[in-house]
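Note that the structure is predicted; figures quoted are calculated from it, not measured. These numbers come from the heavy atoms of this one structure, side chains and all, not from hydrogens, waters or symmetry mates. Both counts, for ligands and for their atoms, begin at 1 and track the order of listing.
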Amino acid sequence: MRGQDLLSVTDLDARQLELIIETAIAMKRDGSPALLTGKTVAFLFEKPSLRTRVSFEVGISQLGGRSIYLSPSEIGLGVREPIKDVARVLSGYVDCLIVRTGSQGVLTELADWASVPVVNALSDDEHPCQALADMLTIFEVKGGIRGIKVAYVGDGNNVARSLALACGLAGASITLASPDGYELPATDLEKARRLAGEGGVIEAVDDPRAAVNRADVVYTDVWTSMGQETEAAKRRDAFAGYQVDKSLIALARPDAVVMHDLPAHRGEEISDDVIESSQSVVFLQAENRLHAQKAALALILGDNERQEV
Ligand code: CP
Ligand code: NVA
């Protein structure tokens, strides 16, 4: 994985995803060696963040590296200067770019021109770092990922896409339920199916109850993502009936867990009693951002002996 970009879950193969999870578990259990000593990572964030920014900064520091946060106004990606110039200038100073932006095309352009790895810290299309933490969490709470049945209820957005691809890669089944017009495109389901091969079943349904029926994991995300705020009222109407609440969870397996990448809009995609219930693992999931990303960065940038992939 050394030197590899992480723009999409599809940048990983099944063995690499497994290795990230194994490494994260080992680091969580035994602590982490200073694999990033002398390494500097630059953050280019064009949208707000709590979990992603803090977990990456803390993780890099725990691995002995350092990070520099660059605010949108400082960089003006493509405004103050061309994206390809930013990529080449920063490549002369730092060892990795961690980027949160809207367009996947901006990430691809940065990666094309940078001589250092670029990591997607959320785009409109994908949230691969979230998916790594999600897979780690499922592994921990369910004792494995292969054969697990995941239900995703809500918007067919960045989080849903990366989750579906990661389920495909890891051998989990996923059923997505979204209202008309808000589904994950069929091309993404196909992509996830190709990754799954003979592994998990990847499917989409209309009825959230059909998706959640006998599920091991029930996952949801906000109906209105960052940048879609003007659509909030329209989306609240469109998603009526898609809230993950007690009556929906009752259809899942009794030992099912509830996941959400956070931040949550309680009372919209998830009820307060469900997110606060004993079935909710959202804070473990948030903590696992730290461990999963440390593992990914160690494998992409670190001077470790486990560079066989
Ligand atoms: N889940 C997640 O990416 O959270 P932030 O937007 O706070 O980073
Ligand atoms: N879908 C959400 C995820 C936030 C972590 C968004 O893009 O705003």
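Looking only at heavy atoms of the protein, atom 7 (O) of ligand 1 is closest to L50 N, 2.7 Å. In this structure, the protein non-hydrogen atom closest to atom 3 (O) of ligand 1 is H127 NE2, 2.8 Å. Atom 2 (C) of ligand 1 has as its closest protein heavy atom R289 NH1, 3.3 Å. The nearest heavy-atom contact from the protein to atom 7 (O) of ligand 2 is N158 ND2, 2.8 Å.
Close contacts of ligand 2 with D261, meaning ligand atoms under 4.0 Å from a residue heavy atom, involve 3 (C), 4 (C), 5 (C). Residue L122 approaches ligand 2 through these ligand atoms, each under 4.0 Å from one of its heavy atoms: 3 (C), 4 (C), 5 (C), 7 (O). Of all the atoms in ligand 2, the ones that sit under 4.0 Å from a non-hydrogen atom of L262 are 5 (C).
For the pair R53 and ligand 1, the shortest N or O to N or O distance does not fall below 3.5 Å. An N or O contact shorter than 3.5 Å links M226 to ligand 2 by distance. Geometrically, ligand 1 and M226 share no nitrogen or oxygen pair separated by less than 3.5 Å. The distance criterion of under 3.5 Å between nitrogen or oxygen atoms is not met by H127 with respect to ligand 2. Among the atoms of L262, some N or O lies under 3.5 angstrom from an N or O of ligand 1.
In this comparison of G102, A160, S225, A264, the heavy atom closest to atom 2 (C) of ligand 2 sits on S225. The heavy atom nearest to atom 4 (O) of ligand 1, out of those in R100, K47, Q285, R51, is found in R51.
Contact annotation: the side chain of L17 approaches that of L132 to within less than 4.5 Å [non-hydrogen atoms, C-beta and beyond]. A heavy-atom distance below 4.5 Å is found between the side chains of Y219 and Q285.
With 3.5 Å as the limit, one finds no donor-acceptor pair spanning the side chains of T220 and E269.
Using a cut-off of 4.0 Å between Lys/Arg side-chain N and Asp/Glu carboxylate O, E140 and K28 are scored as salt-bridged. A salt bridge is defined here as a Lys NZ or Arg NE, NH1 or NH2 lying under 4.0 Å from an Asp or Glu carboxylate O, and R266 with D272 meets this definition.
At least one cation-pi condition fails for R100 and F43: the charged atom is not both under 6.0 angstrom from the six-membered ring centre and inside a 45 degree cone around its axis.
The NE2 atom of H127 sits 8.0 Å away from the OG atom of S162 when rounded to the nearest 0.5 Å. Note: L301 CG to R2 CZ = 7.5 Å, rounded to the nearest 0.5 Å.
Residues L7 and A111 come closest through the heavy atom pair CD1-CB, 3.8 Å.
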